[in-house]
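Nothing here was measured: the structure is a model prediction, and the numbers come from that model.
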Amino acid sequence: MGVIGHNGGPALAPGASWRRHCWGKARRDLLPVLPIEVLRTRVARARELGLEYRTYAGVRAQTGQDVVAFLFSSNALRVSREAPRLPEDRAAKLAGVQAVARIGLAVAPLSAGALAENPELDAAHGAPWALAGFGAQARHLRAVLGRVPGDRVLLIGDHGLERDWCAAGRLAGYVPASAYFGG
């Protein structure tokens with residue numbers, strides 16, 4: 001909460017630039033300094049996954065785990081009942097992804113069977129109903145993931161309601177389809 005009459009601008013008290021410098025240095029000192037070989041390995045892994053390094057590094061920093069699976073909503077894949085095949089750009093991107101499970105979530109009225117016809121996906125399941133309760137979404141996503149820990153799975157989605165699946169499934173994170181597949 002701000003002070004009444006304060007416009008939220010820079011602090012006018014003496015020493016503001018010094019405090020800003022100290023804060024920045026403290027933040028930098030908190031970040032681990034990785035050996036160059038570890039950094040190279042992680043950059044290569046991000047490339048294998050088709051992720052920007054910053055996104056991959058953020059997931060690694062947050063969870064301490066590598067990504068072992070992607071969940072793709074059919075909305076993110078641009079697949080529907082009327083157009084059940086992946087568009088060429090999406091198919092090419094998924095074909096280039098290595099060493100990770102690629103799982104599709106068919107949003108109704110698309111069936112999981114129709115989504116599974118795309119050979120770029122390793123598996124396909126029905127998506128949780130977007131307006132289902134938190135517990136129902138969590139149970140559904142646990143059933144989809146089986147023994148795969150949620151904190152090792154990234155969700156690629158294209159709708160605000162799909163973002164809620166991350167919390168329900170205790171997933172590692174959410175990446176908008178526009179960021180993963182490009183504008």
Discussion item. Arg152 and side-chain contact (heavy atoms from CB on, under 4.5 Å): which single residue from Leu171, Asp66, Leu145 fits?
Written reply: Asp66
Item to complete: Applying side chain to side chain contact (heavy atoms under 4.5 Å, CB included), run through Leu115 and Phe72 and close with a yes or a no.
Response: CA-CA 11 Å; Leu115 185 58; Phe72 293 96; over 6 Å; no
Discussion item. Measuring only between side-chain heavy atoms, which start at C-beta, is His140 closer than 4.5 Å to Val144?
Written reply: yes
Worksheet item: Is there a donor-acceptor contact under 3.5 Å linking the side chains of Glu162 and Asn75?
Response: yes
Practice prompt. Over all heavy atoms of both residues, which pair between Ala124 and Ala112 is shortest? Give the atoms and the distance, please.
Written response: CB-O, 3.5 Å
Discussion item. With a 4.5 Å cut-off on side-chain heavy atoms, are Leu105 and Trp165 touching?
Written reply: yes
Discussion item. Tell me whether the count of non-hydrogen atoms from other residues, nucleotides or ligands lying under 6.0 Å of CD in Gln65 goes above 12.
Written reply: yes
Worksheet item: Of all heavy-atom pairs between Asp158 and Ala177, which one has the smallest distance, and what is that distance?
Response: OD1-CB, 3.8 Å
Practice prompt. State, yes or no, whether a side-chain contact exists between Arg142 and Arg139 at a heavy-atom distance under 4.5 Å.
Written response: no
Practice prompt. Indicate yes or no: at least one non-hydrogen side-chain atom of Phe70 is less than 4.5 angstrom from one of Leu51.
Written response: yes
Practice prompt. Find out whether Leu71 and His125 are in side-chain contact, i.e. whether some heavy atom of one side chain is under 4.5 Å from a heavy atom of the other.
Written response: no
Worksheet entry | Main-chain N/O of Glu120 paired with Arg102 side-chain donor or acceptor, under 3.5 Å | yes
Worksheet item: With a 4.5 Å heavy-atom cut-off, do Leu154 and Tyr56 have their side chains touching?
Response: no
Worksheet item: Is Val153 close to Ile103 at the side-chain level, that is, under 4.5 Å between some pair of heavy atoms?
Response: no
Result block: side-chain N/O donor-acceptor pairs under 3.5 angstrom for residues 85-97, not counting sequence neighbours:
residue: Arg85; atom: NH1; partner: Glu117; partner atom: O; Å: 2.8
residue: Arg90; atom: NE; partner: Ala76; partner atom: O; Å: 2.8
residue: Arg90; atom: NH2; partner: Ala76; partner atom: O; Å: 3.4
residue: Lys93; atom: NZ; partner: Gly50; partner atom: O; Å: 3.0
residue: Lys93; atom: NZ; partner: Tyr180; partner atom: O; Å: 2.9

Practice prompt. Would you mind telling me which of Arg47, Glu48, Arg45 makes a side-chain contact (heavy atoms from CB on, under 4.5 Å) with Gln98?
Written response: Glu48
